[in-house]
Amino acid sequence: MGYLKRTVSLSAIVLTLALTACSGKSSTTSSTASSGSANKTMYLGMVNPPINFSTISSPDIASSFIEKFMFDSFLEMTGPQEFVPKLADSIETTDNQTFTIKLNQNAKWSDGKPVTAEDAAFTFNLIANPKVETTVGNYISVFEGLDDTGKLKEGQAEIPSVKIIDEHTVEFKTKSPVDPNMIKEQLGSKLMILPKHVLEKVAPANLAKDPFFMKPTVTNGPYKYVQYKKDQYVEFKSNPDYYLGKPKTNSLFVKIMPAPNLVAQLQTGELHMNVAAGIGKIPAQDYETVEKFNNVKTKVEPTIGFQTMMFNTTKITDAKVRQALVYALDREKFVDKLLKGKGEIVDGPYTSVSPYLDKDLEKFTYDPGKAKQLLKEAGWDFNHTLQLVVPIGNKVREQSADIITQNLQDVGVKVKVTTYDFPTIMQKGKAGEFDLLLMGFTFNLDPEISTLYSKAGSYNFMRYDNPKSDELLLKGQSEADPDKRKEIYDELQAIWEKDVPIISLYSDYDFAAISKQVQFGGPKIFGFHNNLQDWSLVGAE
């Protein structure tokens, strides 16, 4: 991804994954866990259940997080504008428009077949196929020959600007010069390619429903899929033929449980760490308790993730009403009371650690009087009841819904709250079955955020449609100069502040707890999944 040419403190940015929700049982039973090799089995805890294991169409961050234990990205981002090789030895360009990906020649799929340029091109073409459901189209939407959503014209099956140079080299060309760091962050460190020899015979229209994406039998990462006990745990075993070296742990479990259970199992040693980063947050009220555990180490850091309230703009059509509802919110209370001060208020998609945040833009404040005035000016029907939809699992978010409800009622707006598990929330969001919807996000350090704000964005549940915004999003995506990009995203933030299709409620800091039994591994600022093969526990050989 592209960044401004200025220093960004590593301690100020955290790898965070949002879309926090859901809960499940925490019991874990398996032949691996009870085999007597406990010192070679690692346990992670999170609150979100994954929805599927499709590297190109997972709608949630929990799924993408799980996938990176099984599938490797081309690169790993280990710091701002810092990328290290993984599945690819390099992604290079001389003109910021033609890019060459050189794959690691030792990389293999878990069935022994080599990972090749054919696999990379196959995956790009799948994403671009109009019949394929995908959530990562923005990663390739800058490719020459694709539309703004990353799709080919109907009837086309191959991207004309993608060329296979040799068995381990693939090339692509963008529509215009772009920031190489945007390519390296999105395409390089986020995208995980699929095995052509396994999926090439699947009809594109049926791909999303293929059993492979619930039980991925052929992967290329350090761990192999064993099983998913729904809402309980995902079990992995090590891949002894992993091209970067055999993992030092025999098996790994990602356990799924309510947030309070994370605290209990960290104390008992049943977990070696929480995932933190949004999908494994420990409740703020438990921070002091966990800090006193003598068997764990803890850290608290700001994030690039943020919690939002989405407005269904097809139901709340007047921007003045949306502004009024934001003025009605006492967001300071979210941070002070619910987060114990460990968070910040932001209006848009960029937190204070983002070099693209326009700090000069006037923010919404808590002003019930102004909220009432705007509602009256807009002719709001005070007999109308708004439907506020809330995911379960993230206790702070659930509690924020109570404050939101009270705040809106204080200015005369009626609200009805309904709660659902995360898969249902995604269905409700896509179908537009809400007036107000709470949801958390983490995108990239780079400001490109078309997936949320563009008319065709996969997370634009708000149904936001502003041609000027779409025009600037495309302009920002295709601008190679960081300083010029900053000007574009400043203009966008001003538009979004006026239209308010979505409001960021707060950005909550990450709280990570890691067992002292962990010798190597754990949540970090960047590159959570880097060097997974070296993750180990004290005493494991």
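Both backbone and side-chain heavy atoms feed into the values below; hydrogens, waters and symmetry mates do not.
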May I have the list of side-chain donor-acceptor pairs in residues 286-293 shorter than 3.5 Å, sequence neighbours left out?
none

**OP:** Return yes when atom NZ of Lys175 has more than 12 non-hydrogen atoms of other residues, nucleotides or ligands closer than 6.0 Å, and no otherwise.
**Re:**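 Result for NZ/Lys175: enclosed.
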Original post:
Does atom NZ of Lys315 have more than 12 heavy-atom neighbours, drawn from other residues, nucleotides or ligands, at distances under 6.0 Å?
Top reply: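 Enclosed: over 12 neighbouring heavy atoms sit under 6.0 Å from NZ of Lys315.
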Which value, rounded to the nearest 0.5 Å, describes the distance between [X] atom [atom1] and [Y] atom [atom2]?
X	Y	atom1	atom2	result
Asp508	Leu338	CG	CG	10.0 Å
Lys359	Gln493	NZ	CD	11.5 Å
Ile279	Phe422	CD1	CZ	10.0 Å
Asp435	Met309	CG	CE	11.0 Å
Asn129	Thr134	CG	OG1	10.5 Å
Leu44	Lys255	CG	NZ	10.5 Å

For [X] and [Y], I'd like to know if the aromatic rings sit close, meaning centre-to-centre distance below 6.0 Å.
X	Y	answer
Phe65	Phe528	yes
Phe53	Phe213	no
Tyr509	Phe511	no

The criterion is side chain to side chain contact (heavy atoms under 4.5 Å, CB included); which residues satisfy it with [X], sequence neighbours excluded?
X	value
Thr405	Leu388, Gln409, Val415, Val417
Lys475	Leu472, Ile488
Asn294	none
Lys340	Ala284, Gln285

**OP:** Could you walk me through whether Ser58 and Ser64 pass side chain to side chain donor-acceptor pair (under 3.5 Å), step by step?
**Re:** CA-CA 7 Å; Ser58 293; Ser64 298; 4.8 Å; no
Is there a donor-acceptor contact under 3.5 Å linking the side chains of [X] and [Y]?
X	Y	answer
Asp367	Thr365	no
Asn444	Lys190	yes
Asn138	Ser141	no
Thr268	Glu270	yes
Gln406	Asp410	yes
Thr419	Glu398	no
Thr149	Asp147	yes
Tyr489	Asp358	no

Which atom names give the shortest non-hydrogen contact between [X] and [Y], and what distance separates them?
X	Y	value
Glu67	Thr55	OE1-CA, 3.4 Å
Leu266	Ala513	CD1-CB, 3.7 Å
Gly429	Leu437	CA-CD2, 4.0 Å
Glu362	Glu497	O-OE2, 2.8 Å

Original post:
Honestly, is Lys428 close enough over Phe434, meaning NZ or CZ under 6.0 Å from the six-membered ring centre and within 45° of the axis?
Top reply: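 Relative to the ring axis of Phe434, which defines the angle, Lys428 lies outside at least one limit.
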Subject >> side chain to side chain donor-acceptor pair (under 3.5 Å) between Thr314 and Asn312, worked out >> reply: CA-CA 5 Å; Thr314 65; Asn312 187 330; 2.5 Å; yes
Checking [X] now: which residues fulfil ring-ring contact (aromatic ring centres under 6.0 Å, His included) with it, not counting sequence neighbours?
X	answer
Tyr327	Phe364
Phe461	none
Phe334	Tyr506

Subject >> Audit row: Met214, Asp210, side chain to side chain contact (heavy atoms under 4.5 Å, CB included) steps and yes/no >> reply: CA-CA 8 Å; Met214 288 309 298; Asp210 193 85; over 6 Å; no
**OP:** List the steps, then state whether side chain to side chain donor-acceptor pair (under 3.5 Å) holds for Glu448 with Ser450.
**Re:** CA-CA 6 Å; Glu448 207 295 297; Ser450 298; 2.3 Å; yes
If we only count heavy atoms from C-beta on, is the [X] to [Y] side-chain gap below 4.5 Å?
X	Y	answer
Phe236	Ile66	yes
Val389	Ile425	yes
Ser504	Gln307	no
Val518	Ser515	yes
Phe143	Leu146	yes
Ser454	Asp148	no
Ile127	Tyr139	no
Leu207	Glu133	no

**OP:** Verify side chain to side chain contact (heavy atoms under 4.5 Å, CB included) between Glu344 and Thr351, making sure each step is shown before the conclusion.
**Re:** CA-CA 8 Å; Glu344 64 176 332; Thr351 71; 3.4 Å; yes
Who are the salt bridge (Lys or Arg N to Asp or Glu O under 4.0 Å) partners of [X], not counting sequence neighbours?
X	value
Lys416	none
Asp347	Arg331
Glu377	Lys320

**OP:** Might you work through the side chain to side chain contact (heavy atoms under 4.5 Å, CB included) test for Leu325 and Val411, ending with a clear yes or no?
**Re:** CA-CA 9 Å; Leu325 298 181; Val411 297; 5.6 Å; no
Original post:
For Leu505 and Ile404, what are the C-alpha separation, side-chain angles and deciding distance, and is it a side chain to side chain contact (heavy atoms under 4.5 Å, CB included)?
Top reply: CA-CA 10 Å; Leu505 299 173; Ile404 290 170; 4.0 Å; yes
Subject >> Qualifying residues under side chain to side chain donor-acceptor pair (under 3.5 Å), relative to Ser400, sequence neighbours excluded >> reply: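 If we apply the side chain to side chain donor-acceptor pair (under 3.5 Å) test to Ser400, skipping adjacent residues, there are no hits.
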